[in-house]
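The block underneath contains the structure these notes are about, expressed in structure tokens.
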Amino acid sequence: MKNLLLALAVVLAATACSKLTQDNYNKVKAGMSYDEVSAILGKADHCEEAIGTKNCRWGDEKKNIKIAFIADRATIFANEGIQ
């Protein structure tokens, strides 16, 4: 019984702590650095870098926030499946 309650607490904590929310997406502003965005959304799940640009995704293919950084400044952002 104790193990079941512990497992349930872990699952609830993991789902309740998701930073992929519309409120957090709305906090992201053009010109923010990667570090400033990470303070809101946490560490990106995937980033690709090429010649002064960095494209990052928080979340997976179905539910995500994607942000393009140029010279470490957020320029273009989009979301999918965020409510």
Side-chain angles (χ1 to χ4, degrees):
M1 183 65 155
K2 188 175 183 180
N3 288 340
L4 179 62
L5 290 175
L6 180 61
L8 181 59
V10 169
V11 169
L12 288 175
T15 57
C17 294
S18 176
K19 294 187 175 194
L20 295 178
T21 65
Q22 188 66 46
D23 286 338
N24 282 344
Y25 178 77
N26 292 340
K27 291 176 185 176
V28 176
K29 304 296 180 204
M32 287 182 148
S33 70
Y34 174 82
D35 289 339
E36 290 172 319
V37 173
S38 294
I40 296 168
L41 299 176
K43 183 178 182 275
D45 293 299
H46 178 76
C47 288
E48 294 178 354
E49 295 185 57
I51 310 173
T53 65
K54 184 175 188 176
N55 295 302
C56 296
R57 183 188 77 223
W58 286 259
D60 57 30
E61 291 300 320
K62 293 183 180 182
K63 181 178 180 181
N64 62 61
I65 295 174
K66 294 179 182 177
I67 302 176
F69 296 87
I70 298 176
D72 194 41
R73 297 295 170 196
T75 55
I76 301 169
F77 21 108
N79 73 70
E80 186 174 342
I82 304 296
Q83 297 180 12

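Values reported hereafter were calculated over all heavy atoms of this structure, with side chains retained and with hydrogens, waters and symmetry mates removed.
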* Between L41, T21, I40, V37, which is the residue that forms a side chain to side chain contact (heavy atoms under 4.5 Å, CB included) with K27? -> I40
* What distance do E61 atom CD and E80 atom CD have between them, rounded to the nearest 0.5 Å? -> 7.5 Å
* **Heavy-atom side-chain proximity of F69 to C47 below 4.5 angstrom** => no
* Distance, nearest 0.5 Å, that separates CG of D45 from CG of D60 -> 8.0 Å
* In Å and rounded to the nearest 0.5 Å, what is the CG to CD1 distance from N55 to I70? -> 8.5 Å
* To do: For E36 and R73, run salt bridge (charged side-chain N to carboxylate O under 4.0 Å, His left out): C-alpha distance rounded to whole Å, both residues' side-chain angles, the deciding distance at 0.1 Å, then the answer.
  => CA-CA 10 Å; E36 290 172 319; R73 297 295 170 196; 3.8 Å; yes
* Asked: Rounded to the nearest 0.5 Å, how far does NZ of K43 lie from OH of Y34?
  -> 6.0 Å
* Does N24 use its side chain to pair, donor to acceptor, with the backbone of K19 at less than 3.5 Å? -> yes
* Asked: What closest approach, in Å, do I67 and A74 show between heavy atoms, and which atom pair accounts for it?
  -> CG2-CB, 3.8 Å
* Within a strict 4.5 Å, meaning less than it, do heavy atoms of the K66 and N79 side chains meet? -> no
* Distance (rounded to the nearest 0.5 Å) between K54 NZ and T75 OG1 -> 13.0 Å
* Test side-chain contact (heavy atoms from CB on, under 4.5 Å) on R57 and I65 and set out the steps. => CA-CA 6 Å; R57 183 188 77 223; I65 295 174; over 6 Å; no
* Structure fact -> residues 39-67 vs ring-ring contact (aromatic ring centres under 6.0 Å, His included), sequence neighbours excluded, gives none
